[in-house]
Structures are given as C-alpha cells and as structure tokens.
Peer 1: 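Pasting a structure here, questions to come.
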Amino acid sequence: MPELPEVETIRLALRQGAGGAPKLPGQRIEGVRLGWPRHIAAPSPAAFRRRILGQTIQDVQRRGKYLVLPLTQGTLLIHLMMSGDLGMLPAGEPPRPHDHTILTLDTGWELRFNDPRKFGKVLLLPRPEQLLGGLGPEPLSSQFTRQVLADRLAGRGRRLKPLLLDQSFVAGLGNIYADEALHRARLHPMRRSDSLRPEEVAALWRGIRQALRAGLRHNGASIDWVYRGGDFQNHFRAYGRTGEPCPVCGTPIQRIVVGQRSTHFCPQCQQERPA
DNA sequence: CACGAGACCTGTTCGC
DNA sequence: TGCGAACAGGTCTCGT
C-alpha cells in the first residue's frame, strides 16, 4: 500500500485542495455510492450510508497509514492497503474502473476511493482512538526519540524487518521504507531487535526518519500502474534494486524473503555480524 | 511470544 | 504468441 509518505502526500492534497478541486474540510457529504460494499469494515454498509449522509468533513489528518477524517459526528477512517487511492473528481464524471466507494459532496465534487485489489478499508467510528490507539508511535513525531526506539527494540526478540512492518511497533513503515531505513542504518534485516548496540539503535532511528523524510520530499513513490505523482521510486537505495549496485559500495543488492515479504539489502553494508 | 502459512483480490510481468 | 506462475506499497487469523 501506500506507506506513510504516500498517505501523507494524499492527505495534504485533500486537505489543501489540488488539481482544481476544493479543499475537503468544510464539505458536506450528500451522497454515497458503495460499488464494493465490503470496503466498509464498520459499521454495516446500510448503517454507514445512513450515518454519513449530511455530515460535514472537519479536517483531513493521518495516523500511521490511516487517513483520519473527523466528521460532525464520529470519524471516517480510510486505509488504502496495497492498491488504494483517494482522489477528487467532478461529480458526474463516469466512474473509472475500480472506483468502488464514492462520496458525493455539496461542492459538486466527489471523493473517490479507487482500489483495484479491493483490500482497502473504510470505517466510520464514534471513537476512532479505539482503533488508532493500538498503533505504535508516529516515527516523525518528537515523541519518537532514540530512547523510545531503544526501549521498544530491547523489549522483544524479533527480526528487524518484520518488526519494522509491525504497525504496533512503529506506525507508517511498509515494505519500501523498512528496506530503505535498514539500508541507511546499515543493519541486516534478520538482526534480532534486542541485539543492537546503542550506536546501532541510533543509526536505525536516523535511518527510519531519513528514509521517510526523503519519501516525503519526493511526494512518495509511484510504482507500476499505481501512479500518484511522486517520484521517490527513482531514489530507492535498496528496495526493488535486486542485482543493481549498492549506492554506497557498489555491491549488487540482494533479494531475500523475510516474513513472507520481499526484502532488499546490501550484503556488504548490512552484515548480520558487524565486521 | 515469535513465526510461517494461508486468506483476501486484481493486474502485470516473467519464464518456458 | 500463449499460458501459467510469480509477484505486487498490507493486514488478519490460525496453527505450531
């Protein structure tokens, strides 16, 4: 899915208005089209339709990979998962393929959730903190200090790659930014979280934040047919670069599978046992 | 607790 | 050219 930088890029576009579309905050929801009702994870599609009609969107926020839209009553949460995209189109434009969930607004525009793989989730919750509270810290917030990371790493004996993907450990990293963070930190994806020396913890902390910030600067990555305007895909150091030279040392990037996810790393820079 | 397998979906790319 | 396999930015549940 879009990871933190991609979701944040979408958030900013929706909140500020882009491409001729007016900003989302202040707009009232006047119509709902559920082309794939299973998009609606809570409440039931019927209750969702009933409760969301007439509500005004107050803001567009983000927590981890969730878009968080406080409404007059309750909060709309959207998770784009692997292939989801959110965008504004003029009402009346015919639905494109995979435009499954559409909210019609009082400005003559529509908020459309396009999602080829249909993994995405939409929730309308009275108390969103119930769900968001289970997420780990925001990696770019001031709360996420080296010490917080050190304590969380030491608290468990897991391999780094799956741990970085665990949203209850830290919120917002996905397969791309986990690989990019580990490469920047020069840490092997299989290293045990409780085996890191203090300087390695510091390197991981910097690696996570630098990778995410780089993604944000480039407005996220656009891969395959899922194009969102970002160009961070042209600046990957490890992810998806199997066989290509490591930008640091020139050694070919290697691909392995960890926790059933493709994992890309430099076998020279990121050794299991530090040289 | 940590981890692997399988499920949920469609579309693209790869290999023979 | 054709066709099946592998793969894809994520998360959940189940079993060991």
Side-chain angles (χ1 to χ4, degrees), chain A residues 1-11 35-42 62-67 77-86 95-101 113-123 131-132 134-136 139 152-183 189-195 208 211-212 214-216 218-243 255-264:
Chain A
M1 95 150 218
E3 309 177 28
L4 188 154
E6 290 75 31
V7 177
E8 181 66 12
T9 299
I10 291 170
R11 178 184 88 84
W36 176 254
R38 290 164 70 178
H39 249 173
I40 313 302
R62 181 191 57 74
R63 178 76 172 91
K65 301 174 190 171
Y66 282 93
L67 282 160
L77 298 175
I78 299 173
H79 198 305
L80 302 172
M81 284 289 196
M82 296 281 269
S83 62
D85 195 9
L86 264 192
R96 302 161 303 181
H98 317 300
D99 274 347
H100 300 306
T101 299
F113 188 175
N114 187 279
D115 186 15
R117 290 180 71 179
K118 300 178 174 171
F119 285 168
K121 295 271 176 268
V122 179
L123 305 95
L131 189 154
L132 301 178
L135 296 176
R152 295 178 82 84
L153 286 168
R156 21 219 317 203
R158 295 184 58 185
R159 297 174 305 187
L160 291 178
K161 173 69 186 282
L163 187 57
L164 292 182
L165 295 179
D166 182 342
Q167 301 300 296
S168 70
F169 180 77
V170 57
L173 293 175
N175 213 31
I176 291 176
Y177 294 93
D179 281 2
E180 293 297 305
L182 288 170
H183 183 272
M190 305 266 271
R191 270 292 288 281
R192 299 280 152 173
S193 62
D194 52 7
S195 77
I208 290 170
L212 292 173
L216 286 169
H218 290 280
N219 299 313
S222 306
I223 293 185
D224 298 335
W225 75 101
V226 184
Y227 179 74
R228 297 194 175 81
D231 70 330
F232 188 52
Q233 68 278 10
N234 300 322
H235 302 272
F236 292 162
R237 299 186 183 183
Y239 180 83
R241 299 191 61 248
T242 311
R255 176 187 180 275
I256 58 176
V257 174
V258 184
Q260 287 146 254
R261 306 300 302 277
S262 255
T263 297
H264 314 77

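By convention in this document, chain letters (A, B, ...) are assigned in the order of the sequence lines, proteins followed by strands, and residues within each chain are numbered from 1.
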Peer 1: State, yes or no, whether a side-chain contact exists between A:Arg255 and A:Ser262 at a heavy-atom distance under 4.5 Å.
Peer 2: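 With C-beta onward as the side chain, the pair touches.
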Peer 1: Decide yes or no for A:Trp36 and A:Thr101: does some side-chain heavy atom of the first lie under 4.5 Å from some side-chain heavy atom of the second?
Peer 2: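 Not touching, per the 4.5 Å side-chain cut-off.
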Peer 1: Determine the interplanar angle of the A:His100 and A:His98 rings, folded into 0 to 90°, and report it as parallel if under 30°, tilted if 30 to 60°, perpendicular if over 60°.
Peer 2: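 Answer is perpendicular, since the angle exceeds 60°.
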Peer 1: Would you tabulate the nitrogen or oxygen pairs shorter than 3.5 Å linking the protein to nucleotides 7-9 of chain B?
Peer 2:
unit_1 : atom_1 : unit_2   : atom_2 : d
B:dC8  : O3'    : A:Arg38  : NH2    : 3.2
B:dC9  : OP1    : A:Arg38  : NE     : 3.1
B:dC9  : OP1    : A:Arg38  : NH1    : 2.6
B:dC9  : OP1    : A:Arg38  : NH2    : 2.1
B:dC9  : O2     : A:Arg117 : NE     : 2.9
B:dC9  : N3     : A:Arg117 : NH2    : 3.4

Peer 1: Quantified in whole Å, what is the P atom distance between nucleotide C:dT11 and nucleotide B:dG11?
Peer 2: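 The same atom, P, in both gives a distance of 22 Å.
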Peer 1: So A:Phe113 and A:His39, would you call those rings parallel, tilted or perpendicular, with 30° and 60° as cut-offs?
Peer 2: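 Ring orientation, 0 to 90° scale: parallel.
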Peer 1: Within a strict 4.5 Å, meaning less than it, do heavy atoms of the A:Leu67 and A:Arg11 side chains meet?
Peer 2: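 Yes, side chains in contact.
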Peer 1: Tell me if the CZ atom of A:Arg237 is crowded by more than 12 foreign heavy atoms within 6.0 Å.
Peer 2: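 12 or below, so no.
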Peer 1: Specify the residues of residues 155-175 of chain A, ordered by number, for which at least one heavy atom lies under 4.0 angstrom from an atom of DNA chain C.
Peer 2: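 Nucleic-acid contacts, sorted: A:Gln167, A:Gly174, A:Asn175.
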Peer 1: Does B:dA2 have its OP1 or OP2 closer than 4.0 Å to a side-chain nitrogen or oxygen of A:Arg192?
Peer 2: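 No, outside the criterion.
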Peer 1: Roughly how many Å is it from CG in A:Leu131 to C1' in C:dT11, rounded to a whole number?
Peer 2: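 In whole Å, C:dT11 C1' and A:Leu131 CG are 12 Å from each other.
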Peer 1: Which is true for A:Gly220 with a 4.0 Å heavy-atom rule: it touches a base, it touches only sugar-phosphate, or it touches nothing?
Peer 2: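 Here A:Gly220 touches no strand at all.
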Peer 1: Name the stems with DNA chain B in them: runs of three or more consecutive Watson-Crick or G-U pairs, distances under 3.5 Å?
Peer 2: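 In DNA chain B, stems of three or more pairs: B:2-8 with C:10-16, B:10-16 with C:2-8.
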Peer 1: Can you list, by residue number, the residues of residues 234-242 of chain A that have a non-hydrogen atom closer than 4.0 angstrom to DNA chain B?
Peer 2: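 Nucleic-acid contacts, sorted: none.
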Peer 1: Do A:Leu160 and A:Pro189 come close enough that some side-chain heavy atom pair is under 4.5 Å?
Peer 2: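 A:Leu160 vs A:Pro189: side chains apart.
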Peer 1: What interatomic distance, in whole Å, is found between C1' of B:dC3 and the corresponding atom of C:dG9?
Peer 2: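 Between the two C1' atoms, the distance is 22 Å.
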Peer 1: In whole angstrom, what separates A:Arg255's CZ from C:dA6's P?
Peer 2: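 Nearest whole value for this atom pair: 12 Å.
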Peer 1: Any salt bridge linking A:Asp179 with A:Lys161? Criterion: basic side-chain nitrogen under 4.0 Å from a carboxylate oxygen.
Peer 2: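 A salt bridge links A:Asp179 with A:Lys161.
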Peer 1: With sequence neighbours left out, what residues match A:Asn114 under side-chain hydrogen bond (donor to acceptor under 3.5 Å, both in side chains)?
Peer 2: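 Result, side-chain hydrogen bond (donor to acceptor under 3.5 Å, both in side chains) vs A:Asn114: A:Asp99.
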Peer 1: Any idea how A:His264 and A:Tyr239 line up, ring-wise: parallel (<30°), tilted (30 to 60°), or perpendicular (>60°)?
Peer 2: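 Ring orientation of A:His264 relative to A:Tyr239: perpendicular.
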Peer 1: Which residues pass the side chain to side chain contact (heavy atoms under 4.5 Å, CB included) test with A:Ala154, sequence neighbours left out?
Peer 2: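 Not a single residue meets the side chain to side chain contact (heavy atoms under 4.5 Å, CB included) criterion with A:Ala154.
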Peer 1: Under 4.0 Å between a side-chain N or O of A:Lys121 and OP1 or OP2 of C:dT11?
Peer 2: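 It does not, given that no N or O in the side chain of A:Lys121 lies less than 4.0 Å from OP1 or OP2 of C:dT11.
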Peer 1: Determine the Euclidean distance between corresponding C1' atoms of B:dC8 and C:dC3; express it in Å to zero decimal places.
Peer 2: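 Between the two C1' atoms, the distance is 25 Å.
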Peer 1: Roughly how many Å is it from CD in A:Glu6 to P in C:dA8, rounded to a whole number?
Peer 2: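 Nearest whole value for this atom pair: 16 Å.
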Peer 1: For B:dT10, does OP1 or OP2 lie under 4.0 Å from any side-chain N or O of A:His98?
Peer 2: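 Answer is no, no contact under 4.0 Å.
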Peer 1: Under a 4.5 Å cut-off applied to non-hydrogen side-chain atoms, are A:Tyr177 and A:Glu6 in contact?
Peer 2: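 Yes; the side chains approach each other to less than 4.5 Å.
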Peer 1: Side-chain contact, heavy-atom cut-off 4.5 Å: A:Thr263 with A:Leu182?
Peer 2: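 Side chain of A:Thr263 against side chain of A:Leu182, heavy atoms only: no contact under 4.5 Å found.
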Peer 1: Using a 4.5 Å cut-off on heavy atoms from C-beta on, say whether the side chain of A:Asp166 contacts that of A:Arg158.
Peer 2: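 In contact.
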Peer 1: Taking the same atom, P, in B:dA5 and in C:dA6, what whole-Å distance lies between them?
Peer 2: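 It works out to 14 Å between them.
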